[in-house]
Amino acid sequence: AQFLETRKFQINEISEANIQNPNEVEELRVELSKLENVEKLKNLTGSSHWALSGDDNSIVNALCDIKSNLSKASSLDKNLADIENDFVNSVEALQELARSLRDYEQNLQNDTERLNEVQERLFLLEKLQRKYGGSLQEVLTSFDKFSEELDAIELPEYMKARKRTASEKPEIAALPE
């Protein structure tokens with residue numbers, strides 16, 4: 001009886017955790033790192049965006065001056081056309097990169113509620129990993145094993161009880177005419 005109760009508790013504990021996938025802990029750790037470092041990320045991406053295209057002294061502006069020079073040189077010597085084209089593509093890629101950094105920075109939010117949710121979820125999943133295996137895959141494997149053990153014990157008992165009930169058919173009293 002103690003074994004059955006322990007197995008039921010373990011199955012319930014793992015089931016209630018509602019594990020999304022075997023990589024959930026790693027995914028949550030990535031999200032946690034981002035949430036814990038929002039200000040640093042804003043500073044790093046913001047300063048990178050500013051250096052690339054923030055003002056008249058930015059890298060992209062300097063490259064646009066070079067692009068203009070290459071364009072003039074290419075008009076004088078067509079052998080420079082491929083170099084000019086490659087350079088233009090590189091500048092456009094850096095401009096797109098600068099826009100992506102700006103958008104990333106602007107979309108970063110300090111979300112303490114989500115930070116707490118992620119920390120609590122990680123605490124729960126890491127606790128299960130310590131109890132039932134070193135990874136969520138091992139926790140899920142333990143869940144399957146525990147369920148099979150419980151079924152192997154309870155299912156035969158259920159079938160025996162069902163057979164007894166079926167053989168003990170109630171007598172139907174004759175209805176008065």
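Just so you know, residue 1 is the first one in the sequence shown, and it goes up from there.
Hydrophobic clustering places Phe3 together with Ile11 (ILVMFWY residues linked when any side-chain heavy atoms are closer than 4.5 Å, directly or through intermediates). Phe87 is connected to Leu97 through a chain of hydrophobic side-chain contacts under 4.5 Å among Ile, Leu, Val, Met, Phe, Trp and Tyr, so both are in one cluster. Phe9 and Leu4 are assigned to two separate hydrophobic clusters, defined by single-linkage of ILVMFWY side chains at heavy-atom distances under 4.5 Å. Note on Leu44 and Leu32: separate hydrophobic clusters, where clusters join Ile, Leu, Val, Met, Phe, Trp and Tyr whose side-chain heavy atoms are under 4.5 Å apart, directly or indirectly. If you chain together hydrophobic residues whose side chains sit under 4.5 Å apart, Trp50 and Val60 never meet in one group.
In this structure, the separation between CG on Asp86 and CG on Asp82 is 6.5 Å, given to the nearest 0.5 Å. Going from atom CG of Leu28 over to atom CG of Leu125 covers 6.5 Å, rounded to the nearest 0.5 Å. Taking NZ from Lys67 and OG from Ser90, the interatomic distance works out to 11.5 Å, rounded to the nearest 0.5 Å. Separation of atoms CG (Leu150) and CZ (Arg7) is listed at 9.0 Å; rounding is to 0.5 Å. Taken to the nearest 0.5 Å, the CG atom of Asp144 stands 11.5 Å off from the CD atom of Glu149. Atom CG in Leu94 sits 7.5 Å away from atom CD1 in Ile59 (nearest 0.5 Å).
Side-chain contact between Ile66 and Leu70: present, with at least one pair of heavy atoms (C-beta onward) separated by less than 4.5 Å. Within the 4.5 Å cutoff, side-chain heavy atoms of Lys127 are placed close to those of Glu13. Side chains of Asn57 and Asn61 form no contact here, defined as non-hydrogen atoms less than 4.5 Å apart. Looking only at side-chain heavy atoms (C-beta outward), Arg114 and Glu31 come within less than 4.5 Å of each other. Residues Phe123 and Gln119 form no side-chain contact, since every pair of their non-hydrogen atoms from C-beta on lies 4.5 Å or further apart. Contact check for Leu76 versus Lys72: no side-chain heavy atoms found under the 4.5 Å cut-off.
The backbone N or O of Leu41 lies less than 3.5 Å from a partner atom in the side chain of Thr45, making a donor-acceptor pair. Using a distance-only test at 3.5 Å, with no hydrogens or angles considered, a donor-acceptor pair links the side chain of Ser142 to the main chain of Tyr132. The closest donor-acceptor contact from the side chain of Glu84 to the backbone of Leu80 lies at 3.5 Å or more, if one exists at all. Remark: side-chain polar atoms of Ser33 are not paired, donor with acceptor, to backbone N or O of Val30 under 3.5 angstrom. With hydrogens and angles disregarded, no donor-acceptor distance shorter than 3.5 Å links the side chain of Glu39 to the backbone of Asn37. A donor-acceptor pair under 3.5 Å links the side-chain atoms of Arg121 to the main chain of Ala17, judged by distance alone. In this structure a side-chain-to-backbone donor-acceptor pair under 3.5 Å is present from Ser147 to Phe143.
Using a cutoff of 4.0 Å between basic side-chain nitrogens and carboxylate oxygens, Lys145 and Glu148 are not scored as salt-bridged. Arg102 and Glu105 are not joined by a salt bridge, as no carboxylate oxygen comes within less than 4.0 angstrom of a charged side-chain nitrogen.
Within 6.0 Å of CD in Glu96 there are more than 12 heavy atoms belonging to other residues, nucleotides or ligands. The environment of Asn18 atom CG is dense: over 12 non-hydrogen atoms of other residues, nucleotides or ligands sit within 6.0 angstrom.
In terms of heavy-atom proximity, Ala98 sits nearest to Ser53 at CB-OG, 3.4 Å.
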Show your reasoning for whether side-chain contact (heavy atoms from CB on, under 4.5 Å) applies to Leu136 and Asn23.
CA-CA 7 Å; Leu136 286 185; Asn23 299 318; over 6 Å; no
Could you walk me through whether Val91 and Gln95 satisfy the side-chain contact (heavy atoms from CB on, under 4.5 Å) test, starting with their C-alpha distance in whole Å, then the side-chain angles of each, then the deciding distance to 0.1 Å, before giving a yes or no?
CA-CA 6 Å; Val91 171; Gln95 288 171 324; 4.1 Å; yes
Under the salt bridge (charged side-chain N to carboxylate O under 4.0 Å, His left out) rule, what do Arg29 and Glu126 come out as? Steps first, then yes or no, please.
CA-CA 11 Å; Arg29 284 183 182 145; Glu126 289 170 344; 2.8 Å; yes
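Of the candidates Thr112, Leu115, Leu108, Leu115 is the only one forming a side-chain contact (heavy atoms from CB on, under 4.5 Å) with Leu35.
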